[in-house]
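Each chain gets a letter, A, B and so on, in the order the sequences are listed, and its residues count up from 1.
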Amino acid sequence: MSRPEPLPTRFDPTAFEDRWYSAWEASGAFSPEAGSDRKPFVILIPPPNVTGKLHIGHALQFTLQDLIIRWRRMQGHNALWLPGTDHAGIATQVMVERELAKEGTTRHALGRDKFLERMWAWKHQYKDNISRQARALGASCDWSRERFTLDPMLSRAVRHAFVELYRQGLIYRADRLINWCPRCLTALSDLEVVHKEVDGGMWDFAYPIDGGGEIVVSTTRPETMLGDTAIAVHPEDERYRGVVGRHAIHPLLGRRIPIVADAVLVDAAFGTGAVKVTPAHDANDFATGERHGLERINLLNDDGTINANGGPLAGLDRFAARKAVLQALGEKGLRRGDKPHRHAIGHCQRCDTIVEPYLSRQWFCAMKSMAEQALHAVHSGEVRLVPEFWVATYENWLENILDWCISRQLWWGHRIPAFYCASGHTSVSEEDLTNCPECGAAVTQDEDVLDTWFSSGLWPVSTMGWPDASPDMAAFYPTSLLITGFDILFFWVARMIMMCKHFTGRSPFAEVHLTGLVRDARGQKMSKTKGNVMDPLDLVHEYGADAVRFTLAALASPGRDLPLDSKRMEGYRAFGTKLWNAARFVGLHLDGTEVSLDALEPARLALPERWLLAELQHAAAAVDRAWGSYRFDEGCREIYRFVWNDFCDWYLEMAKPALLGEGDREKGTGDGARRVEDVRAVARGVLVEALKLLHPVMPFITEEVAAHLGADRGLITASYPRPDGRWADEEARGQVGTFRAVVQGVRSYRHMIGLPANAPLALVIPAAGERMGAALGSLRAEMTRLASLSRLDFGGTVPPSAVRDVAGGLDIAIVLPEGALGEAEIARLKFEMTQIEDELARSRARLADQAFVSRAPADIVTATRERVDELARKAAVLGETLRSTS
RNA sequence: AGGCGCGUAGCUCAGCUUGGUUAGAGCGCUACCUUGACACGGUAGAGGUCAGCGGUUCGAGUCCGCUCGCGCCUACCA
């Protein structure tokens with residue numbers, strides 16, 4: 001190793017981020033071989049929609065995925081992170097239609113082919129954006145395997161799946177009530193309908209009964225009465241005993257409608273106990289209609305206006321029709337009251353229009369059997385959800401699942417591979433057909449496309465080349481881990497498990513980590529209207545990608561939302577600066593002859609070096625545990641603590657006497673003597689290990705710094721630190737712990753008695769015991785420096801003017817300057833005394849309790865006794881000081 | 001209507017699975033320090049009846065029950 005280039009004085013992330021990303025990508029480190037004999041570790045990206053740029057939630061997920069994949073790669077796994085994007089059918093189509101609207105045109109005016117050209121142009125633009133942003137964040141995904149849901153390979157998988165499910169009878173076409181968006185002009189699945197509480201009304205009106213009398217019903221949607229084909233009452237409701245079987249007269253349209261008894265639909269205790277039945281516009285009424293053989297009258301055109309079945313109201317918009325119906329009923333004297341009513345109404349997830357239950361012929365996918373498989377996968381442990389509390393939610397949804405409406409009246413997506421001929425034959429085929437296989441007549445393909453989530457559900461297999469037995473499918477399926485937001489647990493995660501398990505017999509991943517939502521500093525949801533949106537690229541430019549990543553990872557406590565505060569990001573940028581400067585300091589003292597840690601013999605090293613190496617093992621073990629259990633917050637905290645507290649605050653400060661040539665012990669050659677070349681080797685070696693620990697979180701700065709410290713190869717493919725028992729040293733940890741306590745005791749005392757931080761004091765440690773005395777004796781120069789001592793004596797006489805204290809279990813005596821104790825200082829000491837006495841009283845009371853002493857474990861009792869002992873000594877010496885000054 | 005999560009320092013959060021010395025972190029605050037890596041720094045502090053009530057236990061922030069407050073998800077109550 002030659003003497004490394006010194007680091008620039010100023011830490012500037014923009015100086016090296018792009019350079020390192022290009023180097024990594026060019027090295028091929030992101031692209032695993034399918035034929036490798038190393039253990040695979042695979043993460044599939046939740047493909048971002050090509051609707052726009054990435055938001056902070058993507059940055060979170062990219063960070064966590066990259067963290068894990070880099071960690072596994074460094075552990076020696078054949079690590080694959082497969083990237084890609086989703087065509088996001090309706091979402092993207094809505095965006096492009098908005099663009100067209102601004103140009104004063106529509107997709108229909110453009111025609112299907114021209115419109116799809118526009119869609120592809122949009123897709124290319126935004127896909128490029130997304131890749132750039134992912135790179136800026138440092139995402140180490142395998143771009144050579146980048147996929148898009150409409151790629152030919154993936155489209156073939158989608159088509160194959162559709163045809164298979166159709167042949168298995170699990171996909172079918174039917175006339176059903178579906179959710180219809182009158183703005184998007186398409187069917188929606190239940191999940192794409194967002195229920196929102198809205199202030200509406202509840203209106204009562206009377207139906208005249210044929211032959212006399214009336215029956216009063218209530219409704220929140222008066223316009224639907226135009227499609228009423230029955231009135232239902234409860235069979236056991238005495239009030240309506242006489243009217244069941246008779247007919248009411250529709251007051252606006254004149255037709256006779258039956259009064260039926262139905263125990264399922266009607267709750268006699270609710271409202272008037274009589275319900276109007278509109279089978280074509282309400283799911284409950286639809287079922288009621290099936291039970292009673294009622295006519296289904298569809299009232300609406302696809303754009304939400306009333307059709308010819310609405311008689312005089314035809315052509316009115318549904319909400320205008322509501323007013324018109326109410327007015328007409330009023331004019332006929334049939335209104336029987338109204339009141340405000342707050343209730344949940346379904347809105348289109350993409351355009352927020354109120355959706356209508358609408359009778360329509362659509363394609364459906366049967367869910368029951370696949371849902372059972374998906375439930376089993378989680379119950380058997382084949383798939384593990386993290387955090388586990390999501391299991392209850394997952395179960396609840398799958399246990400109550402209904403068939404899935406998969407056809408969409410859109411143009412952007414996978415066109416349904418069904419072909420119809422004039423004779424009414426339907427043929428479903430993986431290859432395009434021109435003639436009907438049954439009668440030979442010309443066929444036309446179904447105009448509709450599939451729900452975008454149908455292809456998303458196949459993502460784990462379609463990206464690998466399924467249904468072919470491809471090398472990637474063999475090497476990388478099933479995948480290891482999925483990291484995604486809890487908001488798409490049903491949309492995507494559950495459907496992937498259902499579909500992939502159905503087709504391959506195996507769950508698509510072993511673990512699913514569900515992240516929380518990124519919010520602003522005050523915990524508010526980010527939204528464009530609130531103006532509190534944070535753009536990941538802006539943040540990268542301002543703080544550097546590493547600080548953004550560290551912040552997101554450190555905030556990612558399991559199952560919780562992340563309040564993203566720029567203050568926090570400043571703090572972690574400062575962490576980068578700290579690391580940079582520490583490395584700069586270490587680098588300045590290297591001469592290029594430093595040996596590796598492996599070449600060092602633990603027993604030959606001095607105490608600080610043995611201590612630091614022992615702490616490194618603890619940190620490595622803690623970090624390993626943290627990543628392994630997806631405790632990103634804990635792992636980050638541990639590395640931060642090790643680098644800043646152990647390494648910078650204590651080790652580097654303890655290293656200074658040796659590095660700067662202070663003291664005289666480094667000339668010694670005996671056991672425990674501190675040799676400056678060991679200090680250099682350990683400082684450098686441990687720092688490089690810390691950089692490796694941190695690399696998955698902060699890849700750029702760690703790589704840059706390691707290069708300057710003369711690391712033999714890039715961290716991207718370095719071995720991740722594992723705890724090494726060779727360096728375990730509890731004695732060193734205990735001894736340095738005492739050293740730290742003494743140093744802190746002196747510093748603390750200095751402040752308590754009002755002296756400036758740099759005021760020199762003399763310290764006497766009368767009796768430390770043999771081993772501890774030797775240990776502390778070997779750190780004379782270090783203690784003198786860190787505690788700012790003018791003099792340090794072990795044993796010997798304690799000057800009468802000294803005050804005594806207890807630190808780390810040791811008696812110490814601090815020689816004070818004349819008149820150091822003024823009023824304020826004495827008050828401070830008295831406050832200290834009350835704190836000690838309070839705790840002493842509590843602990844003594846506990847020991848006095850016979851039940852505690854007899855029942856608590858021995859080690860707890862012993863520890864309490866020792867604590868009481870130390871506190872009593874502290875109280876005694878402090879009391880003496882206070883008495884002598886009064 | 002069901003289900004889930006949360007309530008710990010001024011703020012944002014760890015800790016609760018497996019109860020045990022003095023309940024932690026970052027930011028903010030106070031005092032001191034321009035020490036030859038770093039003022040995006042160093043040192044020392046202040047600040048908490050762990051939402052409330054009850055129970056189990058020698059011992060509860062941690063386990064159990066109830067109450068209050070906040071958030072989210074699912075749902076076909078006209």
Give the ring-plane orientation class for A/Trp397 versus A/Phe490, where under 30° counts as parallel, over 60° as perpendicular and anything between as tilted. parallel
Base, sugar-phosphate alone, or nothing: which one does A/His281 contact when heavy atoms must sit under 4.0 Å apart? nothing
Out of B/C33, B/G47, B/C77, which has the shortest distance to the side chain of A/Phe831? B/G47
Quick one: is B/G3 close enough that its OP1 or OP2 comes under 4.0 Å of any side-chain N or O from A/Trp397? no
Does a side chain donor of either A/Glu192 or A/Ser189 reach within less than 3.5 Å of an acceptor in the other side chain? yes
Using a 4.0 Å heavy-atom cut-off across all strands, classify A/Ala283 as base, sugar-phosphate, or nothing. nothing
Can you check the A/Arg828 CZ to B/G45 P distance for me, whole Å? 7 Å
Identity of whatever pairs with B/A78 - Watson-Crick or G-U, under 3.5 angstrom: none
Taking A/Lys276 as the fixed residue, which of A/Asp282, A/Asp228, A/Asp204 is the one that meets the salt bridge (charged side-chain N to carboxylate O under 4.0 Å, His left out) rule? A/Asp228
Scan A/Leu517 against the nucleic acid and name what it touches under 4.0 Å (heavy atoms): base, sugar-phosphate only, or nothing. nothing
Could you state the atom-to-atom distance from CG of A/Leu177 to C1' of B/C76 in whole Å? 11 Å
Let's test this: given Watson-Crick or G-U wobble pairing with both distances under 3.5 Å, identify the partner of B/G19. none
So if I take every side-chain heavy atom of A/Pro563 and compare against B/U12, B/U21, B/A46, which nucleotide ends up nearest? B/U12
Whole Å only: how far is the NZ atom of A/Lys276 from the P atom of B/A78? 12 Å
Nearest heavy atoms of A/Ala374 and A/Leu398, plus distance in Å: CB-CD1, 3.8 Å
Quick one: A/Arg584 CZ to B/A37 P, roughly how many Å, whole number? 9 Å
Look at all strands and tell whether A/Glu570 reaches a base, only sugar-phosphate, or nothing, counting heavy atoms closer than 4.0 Å. nothing
Do the charged groups of A/Arg631 and A/Asp633 touch, with an N to O distance under 4.0 Å? yes
Is there a Watson-Crick or G-U wobble partner for B/G2 with both distances under 3.5 Å, and which nucleotide is it? B/C73
Record whether the side chain of A/Arg842 comes under 3.5 Å of the base of B/U22 through a donor-acceptor pair of N or O atoms. no
Counting the benzene-type ring for Trp, do A/Tyr640 and A/Trp644 have ring centres under 6.0 Å apart? yes
Does the pair A/Asp646/A/Arg740 count as a salt bridge with the N-to-O cut at 4.0 Å? yes
Calculate the interatomic distance between A/Arg641 atom CZ and B/G24 atom P; express it in whole Å. 15 Å
With a 3.5 Å cut-off and no angle check, do the side chains of A/Thr288 and A/Arg291 form a donor-acceptor pair? yes
G-U wobble or Watson-Crick pairing nucleotide for B/C63 (cut-off 3.5 Å, both distances): B/G55
Looking at A/His343, does any N or O in its side chain come under 4.0 Å of the phosphate oxygens OP1/OP2 on B/A78? yes
Given that both distances must come in under 3.5 Å, which nucleotide forms a Watson-Crick or G-U wobble pair with B/C68? B/G7
Using the side-chain heavy atoms of A/Met202, tell me which of these nucleotides is nearest: B/U74, B/C33, B/A78. B/A78
Of the candidate nucleotides B/A14, B/U43, B/U34, which contains the atom at the shortest distance from the side chain of A/Arg747? B/U43
From the set B/C4, B/U22, B/C38, return the single nucleotide nearest to any side-chain atom of A/Arg846. B/U22
Which is more 5' along RNA chain B, the nucleotide nearest A/Leu562 or the one nearest A/Asn400? Just name the residue. A/Leu562
Tell which nucleotide pairs with B/U35, taking only Watson-Crick or G-U wobble pairs whose two distances are both under 3.5 angstrom. none
Does OP1 or OP2 of B/G71 have a side-chain N or O of A/Lys525 closer than 4.0 Å? no
Does any donor-acceptor pair link the side chain of A/Glu653 with the base of B/A37 at a separation under 3.5 Å? yes
Of the listed nucleotides B/A37, B/U22, B/A75, the one nearest the side chain of A/Ser843: B/U22
Given RNA chain B, 5'-ward residue of the pair A/His751 and A/Ala269, judged by closest heavy atom: A/His751
note: A/Asp204, atom CG; B/A78, atom C1'; distance rounded to Å ~ 10 Å
Please state how far atom CG in A/Asp859 lies from atom P in B/U21, giving the value in whole angstrom units. 11 Å
Atom pair distance, as rounded to whole Å: OH in A/Tyr640 and P in B/C40: 14 Å
So what does A/Lys578 hit on the nucleic acid, given a heavy-atom distance under 4.0 Å: a base, only sugar-phosphate, or nothing? base
Between B/A46, B/G20, B/G71, which nucleotide has the shortest distance from any of its atoms to the side chain of A/Ala856? B/G20
Checking contacts here: which listed nucleotide (B/C73, B/A78, B/A44) is nearest the side-chain heavy atoms of A/Ser748? B/A44
Candidate nucleotides B/A78, B/G28, B/C73, ranked by approach to the side chain of A/Lys567 - the nearest: B/G28
